[in-house]
Q: 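Structure below; questions to follow.
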Amino acid sequence: MTHQASPINFHRMSEFITKLKRTHHLNQLTRADAGKKVVLMGWVDTRRDHGGLIFVDLRDREGITQIVFNPQVDAKTHELGGELRTEYCLAIRGEVRPRPDGMANPKLKTGEIEVLVEEFQILNRSKTPPFVLEDEIDVNEETRLKYRYLDLRRGSLKRNIILRSRVSQIVRAYLVDHGFLEIETPFLTKSTPEGARDYLVPSRIHHGHFYALPQSPQLFKQLLMVAGFERYFQIVRCFRDEDLRADRQPEFTQIDIEVSFLSRDDFLDIMEGLIAEVWKKMLDIDISLPIPRLSYDECMERYGLDAPDTRFALELKTVTPIFQNSGFKVFGEIARSGGSIKALVVKGKSDFSRSEIDDLTKFAGIYGAKGLAYIKILENEWQSPIAKFLSDDEKQQLQKTLGFKAGDIVFFGAGTTKIVNDSLGNLREHIGRKLKLCDPKKYNFVWVVDFPLFDWDEEEKRPVAVHHPFTSPKWDELSLLESEPLKCHANAYDLVLNGNEIGGGSLRIHDAGIQQKVFDLLKISKEEAQVKFGFLLEALQYGAPPHGGIAFGLDRLIMLLTGCDNIRDVIAFPKTQKATDPMTEAPSTVDPKQLLELGISVTKK
RNA sequence: GGGGGCGUAGUUCAGCUGGUUAGAACGCCUGCCUGUCACGCAGGAGGUCGCGAGUUCGAAUCUCGUCGCUCCCGCCA
């Protein structure tokens, strides 16, 4: 496997390194540097050994520069250069010179020049990497993660990580400039009910007691407002022990923000300014402000989802009333029993084939839809498995409400409002992708506002907080808390980009009485509230200011900025879908001594 | 918890209606090569077909189980 190699002379190396200081990164040298003596350090990206001449692409964080070993410059150096292999780590000293006529490489930033090696030192040899370190090479995820430090040498991943660093700096600069203080909050904290499963950390000092890693610094940032810091932010790791997805990791990063004394709109203005700043500086794209605001109710009506892709129309329309007295049994019964019937008109697609429609039906089925009725509107007839059940009046009303034309196809979702919105809303985006209706260069931001405060949990027979239990009801709906809490809206908002939720937040309850009332409605007993959130209820009684905030998902933001469709590609050391790390082999068993100290015994599954 | 896809050389894959010695490309090794940048030419090494059972005269190929990677639903804001 490994070829014969002379040993590295460490004595000579230390001499070489102390004598030499790197003069340039590998993206820097141009024609203007011709004639300069330079010292470069980096890794062998590729080598092209011609026997006589050896070309090596030397790579560092910033770029690639071609270096040349020529026997006429130094026979010994050239001979030793023959030993070089991919990923060897090198220091070289040499002279910059323009490449011969016609030999420039326009693909390289430094393609006009090359460096003639006069002297070099192998700083470290490398085993042959388990995969070729080029962007285009597909490699199994497990192998990539096991050798993450090699995968990170590849251009695309490296660029993402560098871009991520820049975004963090832009965010910091903007927020500090707007009077925000960066304040850290604890990672070893208290488990809270509601929300996601916690990652727990056992206490050695208190056997049987556990810290929880924060799902977000929610309560601490509110307490910072009570403390009077007025404007807080933190780029902070959050932990949720739930199943993973392409855009979800068990530990992820939020840009966490909280402010006091600001109206919702004044706050959102500052926040969209932040996003606009990031888009301007990273992509040189001007987002037109203000970002449009869409109420949750209207959003669900038109798009079926709370994070709509507004780059294309193709909106849903409710047609439930048309079927109130329908003889068409399926639709009629759903309409009369409080369900929903919604339609999706796809223009000019009456030529969808049977198998395409089958696929769409299957797709809708993922979200619980029992079927997917459709009507193909042809010149002279409606081609449809359900048309024969519809009365002339119903047909006329459909035509009037939906405004379809010959050549269109109409899909119907019927069932509970939740399933109809979910299946038809996702179908809308599926068809949008299928028909390429969304422009990948377009960035359509929208604030979805006025979420419901509560959702009904059928299993537990109680309301649950849609956002979290500290979200303030709309001020003008406070009375609804008493009468019809499920109809109460929240002072909550999400920022949505092209169908992705990139941030969400709310104004908070700053009154202990209202907070207690909400706990009551959530069926969190006084005792439980006292045990879990006593410190918050207490704090709210010491002149807590009106406050609110937001958290942006930094990982998702970077995904959208880089066009990545997987969160692992924007995190330096991510986990597999089973939440393991093939490199460190975490999670792992631990020494029994550690368990003993913690007072923990492990049971078999 | 449920559904789909994948697992064969270092890597990416082909082979899968069961049947000689399991192939290709890239990578790797050796030799030649003074203008390459996907260098070229010649030669070579490299395989527990994820693992375990079963069916069979015979299994990479069929069946069952199991493990791993991945996408989705549930879960998660």
Side-chain angles (χ1 to χ4, degrees), chain A residues 1-4 45-58 64-73 78 82 85-87 99-108 110-111 114 127-134 136-147 150 194-198 215-216 218 238-250 252 254 306-307 362-363 365-369 419 422-423 426 430 448 451 455 459 464-468 471 492-496 500-506 550-553 556 565-566 568 575-578 580 582:
Chain A
M1 265 312 216
T2 31
H3 57 283
Q4 287 299 315
D45 197 61
T46 54
R47 85 196 149 97
R48 295 173 291 281
D49 185 345
H50 287 224
L53 280 179
I54 303 169
F55 298 97
V56 167
D57 287 343
L58 198 64
I64 284 179
T65 298
Q66 173 167 286
I67 60 177
V68 188
F69 296 80
N70 187 329
Q72 285 163 4
V73 173
H78 173 263
R85 292 295 181 273
T86 310
E87 299 309 318
R99 295 197 188 185
D101 281 348
M103 293 300 146
N105 182 351
K107 288 184 203 156
L108 281 186
T110 57
E114 62 195 6
K127 288 165 70 174
T128 301
F131 51 91
V132 182
L133 303 187
E134 287 168 18
E136 301 73 28
I137 307 289
D138 271 343
V139 186
N140 177 281
E141 197 69 32
E142 200 182 1
T143 312
R144 290 180 60 191
L145 289 176
K146 185 169 174 195
Y147 298 96
L150 296 180
E194 311 280 301
R197 214 173 279 122
D198 288 318
Q215 297 176 24
S216 81
Q218 182 58 38
C238 302
F239 306 85
R240 291 179 190 159
D241 187 2
E242 296 293 346
D243 288 344
L244 285 72
R245 285 284 193 288
D247 61 351
R248 259 163 42 190
Q249 284 271 310
F252 60 98
Q254 285 190 344
D306 61 6
K362 216 168 146 192
F363 181 86
I366 295 173
Y367 302 93
I419 287 179
D422 208 20
S423 56
N426 281 107
H430 183 69
V448 178
F451 278 71
D455 200 6
E459 258 175 49
V464 288
V466 166
H467 188 56
H468 55 54
T471 302
Y493 32 79
D494 278 359
L495 183 58
V496 173
N500 302 279
E501 183 208 319
I502 59 174
S506 62
I550 197 167
F552 294 100
R556 272 187 213 177
D565 53 13
N566 198 293
R568 288 186 300 273
K575 302 218 168 14
T576 68
Q577 200 180 35
K578 288 260 170 69
T580 65

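Side chains included, hydrogens not; waters and symmetry mates left out as well; all remaining heavy atoms used. Within every chain, numbering begins at 1; the chains are lettered A, B, ... in the order of the sequence lines, protein sequences first and strands thereafter.
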Q: Could you pull out the closest heavy-atom pair between A:A196 and A:Q215, with the gap in Å?
A: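 Shortest heavy-atom contact: O-NE2, 2.6 Å.
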Q: For the pair made of CZ in A:R144 and C1' in B:G10, what is the distance, rounded to whole Å?
A: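 So the CZ-C1' distance, A:R144 to B:G10, works out to 17 Å.
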Q: May I ask you to decide if A:I64's main-chain N or O and A:T110's side chain share a donor-acceptor pair within less than 3.5 Å?
A: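 Yes: the side chain of A:T110 pairs with the backbone of A:I64.
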Q: Distance check needed: B:C33 C1' versus A:H78 NE2, whole Å only.
A: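 That distance rounds to 10 Å.
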Q: With 3.5 Å as the limit, what N/O pairs link the protein to nucleotides 5-8 of chain B?
A:
none

Q: Consider only side-chain N and O atoms of A:N105 and A:Q66, and report whether a donor and an acceptor are under 3.5 Å apart.
A: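 Note: A:N105 and A:Q66 side chains miss the donor-acceptor criterion.
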Q: Produce the list of close N/O pairs, under 3.5 Å, pairing protein atoms with atoms of nucleotides 12-16 of chain B; give distances to one decimal.
A:
{"unit_1": "B:U12", "atom_1": "OP1", "unit_2": "A:N140", "atom_2": "N", "d": "2.5"}

Q: Using only side-chain N and O atoms of A:N566, determine if any of them is under 4.0 Å from OP1 or OP2 of B:U70.
A: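 Negative; the distance criterion is not met.
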Q: Inspect the contact between A:E87 and A:K127 and indicate whether a charged nitrogen and a carboxylate oxygen are less than 4.0 angstrom apart.
A: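 Salt bridge absent between A:K127 and A:E87.
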Q: Measuring to OP1 and OP2 of B:G68, would you say a side-chain N or O of A:T576 lies under 4.0 angstrom away?
A: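 Result: no.
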Q: In whole Å, what separates the C1' atom of B:C62 from that of B:C69?
A: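 Approximately 24 Å lies between the C1' atom of B:C62 and that of B:C69.
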Q: Can you label the angle between the A:H430 ring and the A:F363 ring as parallel, tilted or perpendicular, going by 30° and 60°?
A: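 The rings of A:H430 and A:F363 lie parallel, inter-plane angle below 30°.
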Q: Restricting to side-chain hydrogen bond (donor to acceptor under 3.5 Å, both in side chains), what partner residues turn up for A:E501, sequence neighbours left out?
A: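 side-chain hydrogen bond (donor to acceptor under 3.5 Å, both in side chains) list for A:E501, sorted by chain: empty.
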Q: Under the rule for salt bridge (Lys or Arg N to Asp or Glu O under 4.0 Å), what residues qualify as partners of A:R48, not counting sequence neighbours?
A: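 Here the qualifying residues are A:D57.
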Q: Students often get this wrong, so: under 4.0 angstrom with heavy atoms, is A:T580 touching a base, only sugar-phosphate, or nothing?
A: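 If one applies the 4.0 Å heavy-atom cut-off, A:T580 turns out to touch the sugar-phosphate alone, with no base involved.
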Q: Under 4.0 Å from OP1 or OP2 of B:C29: is there any side-chain N or O of A:R85 that close?
A: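 So the side chain of A:R85 is within the cut-off, an N or O lying under 4.0 Å from OP1 or OP2 of B:C29.
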Q: Can you check the A:K362 NZ to B:G4 P distance for me, whole Å?
A: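 Nearest whole value for this atom pair: 9 Å.
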Q: If the sugar-phosphate is the primed atoms plus P, OP1 and OP2 and the base is the rest, what is the B/S/- string for nucleotides 72-77 of chain B, using protein heavy atoms under 4.0 Å?
A: SBBBBB
Q: Can you tell me how far C1' of B:U11 sits from CG of A:L150, to the nearest Å?
A: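 In whole Å, B:U11 C1' and A:L150 CG are 13 Å from each other.
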Q: With rounding to whole Å, what would you report as the distance between B:C71 and B:A24 at their P atoms?
A: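 Here B:C71 and B:A24 have their P atoms 33 Å from each other.
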Q: Which parts of nucleotides 34-42 of chain B does protein reach within less than 4.0 Å, heavy atoms only, written one letter per nucleotide 5' to 3' as B for base, S for sugar-phosphate only and - for none?
A: BBBBSB---
Q: Measure the distance from CZ on A:F69 to C1' on B:C33 and round it to the nearest whole Å.
A: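 Roughly 18 Å, once rounded to whole Å.
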